[in-house]
Amino acid sequence: MFPNAFDYAAPTSLDEAVDLLSRYGDDAKVLAGGQSLLPMMKLRLAAPAWVIDINRVPELDGRRESDDALILGALTRHSAIEWDRDLDADYPLLRETAALIADPLVRNRGTVAGSLAHADPAADWAACLMALGASVTARGPQGDRLIPVEDLLVDTLTTSLELDEIITGVTVPRPAGRAAAKSLKLERKVGDFAVVGVSLQVEVGSGGAVSRVGIGLAAVGPTALRAREAEAVLMGRPLGPEVIREAAALAAAAADPASDRRGSAAYKRDVVRVFVERGLTAVQHRLADGQALGA
Amino acid sequence: MHIEVTVNGRLRSADVEARTLLAYLLRDEFNLTGTHVGCDTTSCGACTVIWDGLPVKSCTVLAGQVDGGAITTVEGLEQDAQLHPLQQGFWDNHGLQCGFCTPGMLMTTYALLQRRPHPTETEIRQAISGNLCRCTGYQNIVAAVQQAAARLSAQDAMEEVQA
Ligand SMILES: Cc1cc2nc3c(=O)[nH]c(=O)nc-3n(C[C@H](O)[C@H](O)[C@H](O)COP(=O)(O)OP(=O)(O)OC[C@H]3O[C@@H](n4cnc5c(N)ncnc54)[C@H](O)[C@@H]3O)c2cc1C
Ligand code: FES
Ligand code: FES
């Protein structure tokens, strides 16, 4: 199988890449890891006239840390995160999530930003990064703009990016308090997309009361979702079985799954409840064991 | 488009259409048919090759992307008519039956041993989780990789003693 014929450009600077995109607009597609775009092109579900390969743009590589955030370059591969134990100290949810994506070969190519731009509702990064309150930086001809992941994802396979915008990086805020995290994914087999995915991180203040919490849900709606009501009920309270059950029920109510060959809507909704309960319970134990910040 | 790429240590070039995939560049242009195409949909790992140090599915990489890069295929494992310890491990342990998945398995586990010379059984199983085998049930593949890991570290120890 091979894609429709196209013209290929491999810009070596960000300006050149943005330039090409604004020139070809609707006719062009950015190629990052290619692990979603190329399969779609081979199946002829996508047939861009131009492929703009951003893998030779040095500005998009690597990552840096500021006082209050981690900034991942757009070309950060899933496996680069999976293998970097140093991240666990401040960003315990990242490695947990990376290791659950696809299979090790796909993880060597697929990028965090590409996953967000693809906007598959079953993707793992979107739920994780929503839970962490992350944003993307998009560069267009007019310059940069910062878009919270929640606002980036508009609908299935649809983002709020303009046709001539490239995601240059993903900004993940550093937790202010003690934090612990858990990612859970139900999959039919290794390498499959989630039947249901739940990514959550909890921060607690000195008294043990929840000071920030993010709960992201994958594969149970037209985009990844954030379980806002469940988060609200946890705020200001210490984690315990009762409030955890309450939050789990609210998260299940927030889910909006569809019945398909991976399971019925009712089943998926109940898995959300079970996963949120398990995830928060694991986080409670990690915080109690002083195992927080790293898990 | 014109491509120059180092394949198994040798610089090669080709003129191909932009839509040519790496697996077909290797098989059709360079005649390196050890790289197999199984599913052609990014699912089976039979087409795995090493690109600049990392194993990837060559059915899901454009030939143009590897211009200037380095590829290792299964043909690059054997040295001086000697099977690589991984290949010998597959031979000794019945790590293959039909052999269709084997080139991909070899390249994935070759990269694993470069990164982690002493992998645990779990690490081996996780590393090959993107490579499907319809015959062996994986047990003997794991045994083959364990044997190769042991031989390679024994070889390294010998070289250190001799140095
Ligand atoms: C067998 C298989 C199993 C998989 N399983 C999972 C899974 O379990 N969970 C999961 O989350 N994902 C899974 N994936 C998808 C994988 O994670 C992809 O890598 C990811 O979704 C897309 O990232 P990419 O870098 O490969 O993007 P590409 O395929 O290169 O691009 C995808 C889309 O995003 C656009 N794009 C890419 N980068 C940018 C950018 N910087 N700015 C603007 N637009 C951009 C492209 O134009 C394209 O439209 C799987 C893929 C395969 C093949
Ligand atoms: S042929 Fe490439 S993954 Fe199956
Ligand atoms: S030996 Fe036949 S598929 Fe693995």
Side-chain angles (χ1 to χ4, degrees), chain A residues 1-12 28-29 31-56 61 75 77-80 82-84 98-110 114 187-193, chain B residues 1-3 16-25 27-28 37-69 104-105 107-109 111-112 115-116 119 122-132 138:
Chain A
M1 285 198 297
F2 43 90
N4 271 354
F6 55 82
D7 285 312
Y8 172 84
T12 51
K29 275 279 184 194
L31 175 72
Q35 301 302 289
S36 295
L37 181 60
L38 292 176
M40 296 227 305
M41 286 172 62
K42 288 169 74 175
L43 294 168
R44 314 270 169 127
L45 297 172
W50 277 89
V51 169
I52 317 290
D53 179 357
I54 57 172
N55 287 277
R56 293 173 201 261
D61 243 331
L75 291 174
R77 315 279 166 190
H78 309 330
S79 63
E82 180 190 2
W83 295 343
D84 190 347
L100 298 174
I101 299 172
D103 63 54
L105 304 165
V106 171
R107 294 202 288 273
N108 280 340
R109 291 304 303 158
E187 53 185 354
R188 298 177 301 181
K189 61 174 184 60
V190 171
D192 195 20
F193 278 92
Chain B
M1 61 187 296
H2 185 72
I3 293 168
V16 295
E17 273 190 273
R19 59 177 165 171
T20 307
L21 296 154
L22 175 58
Y24 296 91
L25 174 75
R27 290 178 57 85
D28 299 344
V37 176
C39 64
D40 215 350
T41 57
T42 332
S43 307
C44 74
C47 63
T48 305
V49 302
I50 294 173
W51 174 20
D52 291 342
L54 292 178
V56 300
K57 294 173 176 174
S58 65
C59 72
T60 314
V61 171
L62 297 173
Q65 290 184 270
V66 305
D67 186 29
M105 287 287 180
M107 300 327 288
T108 295
T109 53
L112 170 69
R115 192 166 57 81
R116 292 196 64 79
T122 307
E123 285 173 332
I124 296 171
R125 287 186 183 274
Q126 279 170 351
I128 60 171
S129 59
N131 295 82
L132 300 186
Y138 303 98

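Only heavy atoms go into these numbers, but all of them, side chains included; no hydrogens, no water, no symmetry mates.
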Student: Could you tell me which portion of A/A10 (side chain, backbone, both or neither) has an atom closer than 4.5 angstrom to a non-hydrogen atom of chain B?
Tutor: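 Neither part; nothing is under 4.5 Å.
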Student: A/M1 and B/D40: which non-hydrogen atoms are nearest, and at how many Å?
Tutor: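 Taking A/M1 first and B/D40 second, the nearest heavy atoms are N-OD2, 2.6 Å.
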Student: Below 4.5 Å from any heavy atom of chain A, which atoms of B/T48 appear? Answer side chain, backbone, both or neither.
Tutor: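 Only the side chain of B/T48 comes within 4.5 Å of chain A.
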Student: Check each atom of A/D192 against the heavy atoms of chain B and say whether the ones under 4.5 Å are side chain, backbone, both or neither.
Tutor: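 For A/D192, there is no contact with chain B at all, as no heavy atom is under 4.5 Å.
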Student: Please flag which part of A/R77 lies under 4.5 Å from any non-hydrogen atom of chain B: side chain, backbone, both or neither.
Tutor: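 Contact with chain B: none, neither part.
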Student: Under a 4.5 Å heavy-atom cut-off, does chain A meet the side chain of B/I128, its backbone, both or neither?
Tutor: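 Interface part for B/I128: neither.
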Student: Any side-chain heavy atom of A/Y8 sitting closer than 4.5 Å to one from B/D67?
Tutor: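 No, side chains not in contact.
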Student: Looking at every non-hydrogen atom in both residues, tell me the closest pair between B/Q65 and A/R56 and how far apart they are.
Tutor: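 Smallest interatomic distance, heavy atoms only, reads O-NH2, 3.0 Å.
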Student: Would you indicate whether the side-chain heavy atoms of A/L105 and B/N131 approach each other to under 4.5 Å?
Tutor: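 They are in side-chain contact.
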Student: For the atom pair CG (B/D52) and CG (A/N108), what is the distance rounded to the nearest 0.5 Å?
Tutor: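 Reported to 0.5 Å precision, the distance equals 12.0 Å.
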Student: If we define contacts as heavy-atom pairs under 4.5 Å, which of A/N55, A/L38, A/D53 has the most with chain B?
Tutor: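 If we count pairs closer than 4.5 Å to chain B, A/L38 comes out on top.
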Student: Tell me whether A/K42 contacts the main-chain N or O of B/C59 through its side chain, where contact means a donor paired with an acceptor under 3.5 Å.
Tutor: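 Yes.
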Student: Of all heavy-atom pairs between A/P104 and B/S129, which one has the smallest distance, and what is that distance?
Tutor: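 That closest heavy-atom pairing would be CD-OG, 3.2 Å.
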Student: Going by heavy atoms in the side chains, are A/R109 and B/T60 under 4.5 Å from each other?
Tutor: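 Answer no - side chains too far apart.
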Student: Which atoms of B/T108 are under 4.5 Å from chain A, going by heavy atoms: the side chain, the backbone, both sets, or neither?
Tutor: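 The answer is the side chain of B/T108.
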Student: What part of A/L37 lies closer than 4.5 angstrom to a heavy atom of chain B: side chain, backbone, both or neither?
Tutor: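 For A/L37, no heavy atom lies under 4.5 Å from chain B.
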Student: Surrounding CZ of B/R116 (heavy atoms of other residues, nucleotides or ligands, distance under 6.0 Å), is the total greater than 12?
Tutor: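 Not more than 12 within 6.0 Å, no.
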Student: Can you find a heavy atom in the side chain of A/F2 that is under 4.5 Å from one in the side chain of B/E17?
Tutor: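 The answer is no, as the side chains (C-beta and beyond) never meet within the 4.5 Å cut-off.
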Student: With a 4.5 angstrom heavy-atom cut-off, could you sort out which part of B/L54 is near chain A: side chain, backbone, both or neither?
Tutor: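 Both parts, backbone and side chain.
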Student: Identify the heavy atoms of B/K57 and A/D103 that sit nearest to each other, and give their distance.
Tutor: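 The pair with the smallest heavy-atom distance is NZ-OD2, 2.6 Å.
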Student: Select one option (side chain, backbone, both, neither) describing which atoms of B/Q126 are under 4.5 Å from chain A's heavy atoms.
Tutor: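 Just the backbone, heavy atoms under 4.5 Å.
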